[in-house]
Amino acid sequence: MTKPKITWKILSWGRYTAWDRQAKDLPEIQEFTEEIPAVPGVEFGYILQIKKARGKQIHFTIEHPPFPDENGNPTLAFTGDVYVRSNDWQFFLGDTVWEPVANKCGPWQLIVELEGEVMADKTFTIVDESRG
């Protein structure tokens, strides 16, 4: 018997309402865009729909501009693993702009992989609009 083929697609991307990571509901899209204003509290990313992969583990990476951590060292990429919870599952991968915004400006690449295969790869650019 053949296994059902795992499928995926990005449903939405851009700026979102604030996301409560503890809540079941995903944030809502406010604007489809890849250019994000450098304003504290702005949530950005994408919602990925994954079908027929229940129980599989996805890996995510968020590459970002080089900004220092609390000890002054360059902050590494944000990474993690999440289990797919159902056979028709939606997952939000994103981040929020925070102070100081100047060192957050630049490209943010958000990648989701399953078993070594890239499912989604989208780059957002944080732009300081006050610098004209």
Side-chain angles (χ1 to χ4, degrees):
M1 187 169 176
T2 60
K3 285 192 211 175
K5 180 161 174 47
I6 297 170
T7 61
W8 58 85
K9 67 180 173 181
I10 295 177
L11 298 178
S12 59
W13 67 91
R15 285 190 318 114
Y16 287 84
T17 57
W19 184 43
D20 177 357
R21 285 157 175 72
Q22 308 306 320
K24 187 175 181 176
D25 293 334
L26 297 178
E28 293 182 23
I29 187 74
Q30 290 185 313
E31 178 186 13
F32 281 86
T33 183
E34 293 170 357
E35 192 169 284
I36 308 300
V39 175
V42 170
E43 189 91 38
F44 65 96
Y46 56 78
I47 293 178
L48 180 65
Q49 180 182 44
I50 305 170
K51 292 187 175 187
K52 301 179 182 148
R54 183 177 181 187
K56 300 274 187 185
Q57 188 178 53
I58 59 172
H59 178 76
F60 67 85
T61 304
I62 301 176
E63 295 283 351
H64 51 73
F67 54 83
D69 65 14
E70 62 275 356
N71 299 318
N73 300 316
T75 301
L76 300 175
F78 305 133
T79 62
D81 298 297
V82 178
Y83 283 97
V84 176
R85 297 188 186 114
S86 69
N87 276 322
D88 187 356
W89 188 59
Q90 294 182 12
F91 172 71
F92 176 73
L93 180 61
D95 213 323
T96 303
V97 178
W98 69 95
E99 292 283 0
V101 297
N103 65 10
K104 309 306 181 305
C105 293
W108 288 65
Q109 184 181 16
L110 285 62
I111 305 160
V112 175
E113 298 173 88
L114 173 69
E115 299 174 343
E117 182 177 358
V118 174
M119 303 173 87
D121 182 348
K122 196 150 207 51
T123 301
F124 298 90
T125 303
I126 306 296
V127 179
D128 186 350
E129 296 173 341
S130 70
R131 293 188 172 185

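Please read these numbers as outputs of a predicted model, since none were measured by experiment.
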Enclosure of Phe78 CZ (heavy-atom neighbours >12, cutoff 6.0 Å): yes
Validation: residues 25-34 side-chain donor-acceptor distances under 3.5 Å, sequence neighbours left out:
unit_1, atom_1, unit_2, atom_2, d
Glu31, OE1, Arg15, NE, 3.0
Glu31, OE1, Arg15, NH2, 3.3
Thr33, OG1, Glu35, N, 3.0
Thr33, OG1, Glu35, O, 3.2
Glu34, OE2, Lys122, NZ, 2.6

Do [X] and [Y] come close enough that some side-chain heavy atom pair is under 4.5 Å?
{"X": "Ile126", "Y": "Phe44", "result": "yes"}
{"X": "Val97", "Y": "Val39", "result": "no"}
{"X": "Lys52", "Y": "Thr7", "result": "no"}
{"X": "Ile62", "Y": "Trp108", "result": "yes"}
{"X": "Asn103", "Y": "Pro65", "result": "no"}

Provide the closest heavy-atom pair for [X] versus [Y] in the form atom of the first, atom of the second, distance.
{"X": "Asn87", "Y": "Ala53", "result": "OD1-N, 3.6 Å"}
{"X": "Gly45", "Y": "Leu110", "result": "CA-CD2, 3.9 Å"}
{"X": "Val82", "Y": "Arg85", "result": "CG1-NH2, 4.5 Å"}
{"X": "Pro68", "Y": "Thr75", "result": "C-OG1, 3.5 Å"}
{"X": "Glu115", "Y": "Lys56", "result": "OE2-NZ, 3.0 Å"}

Is it the case that the side chain of [X] and the backbone of [Y] share a donor-acceptor pair, with hydrogens and angles ignored and the cut-off at 3.5 Å?
{"X": "Tyr16", "Y": "Gly94", "value": "no"}
{"X": "His59", "Y": "Val112", "value": "no"}
{"X": "Asp69", "Y": "Asn71", "value": "yes"}

Atom pair [atom1]/[atom2] of [X] and [Y] - distance to nearest 0.5 Å:
{"X": "Phe91", "Y": "Met119", "atom1": "CZ", "atom2": "CE", "result": "10.0 Å"}
{"X": "Leu76", "Y": "His64", "atom1": "CG", "atom2": "NE2", "result": "7.0 Å"}
{"X": "Ile36", "Y": "Asp95", "atom1": "CD1", "atom2": "CG", "result": "11.0 Å"}
{"X": "Arg54", "Y": "Asp88", "atom1": "CZ", "atom2": "CG", "result": "12.5 Å"}
{"X": "Lys104", "Y": "Glu99", "atom1": "NZ", "atom2": "CD", "result": "8.0 Å"}
{"X": "Phe124", "Y": "Trp13", "atom1": "CZ", "atom2": "CH2", "result": "9.0 Å"}

Shared hydrophobic cluster, Trp8 / Leu11 (ILVMFWY, side-chain heavy atoms < 4.5 Å): yes
same_hphob_cluster(Leu93, Trp98) at 4.5 Å side-chain heavy-atom cutoff: yes
ILVMFWY clustering at 4.5 Å (side-chain atoms), partners of Val118: Ile111
Residue pair Thr96 / Glu43, side-chain donor-acceptor N/O under 3.5 Å: yes
Evaluation steps, side-chain contact (heavy atoms from CB on, under 4.5 Å), between Trp89 and Ile58: CA-CA 12 Å; Trp89 188 59; Ile58 59 172; 3.9 Å; yes
Parallel, tilted or perpendicular: ring planes of Trp19 versus Phe92, cut at 30 and 60 degrees: perpendicular
Audit row: Ile50, Ile6, side-chain contact (heavy atoms from CB on, under 4.5 Å) steps and yes/no: CA-CA 7 Å; Ile50 305 170; Ile6 297 170; 4.3 Å; yes
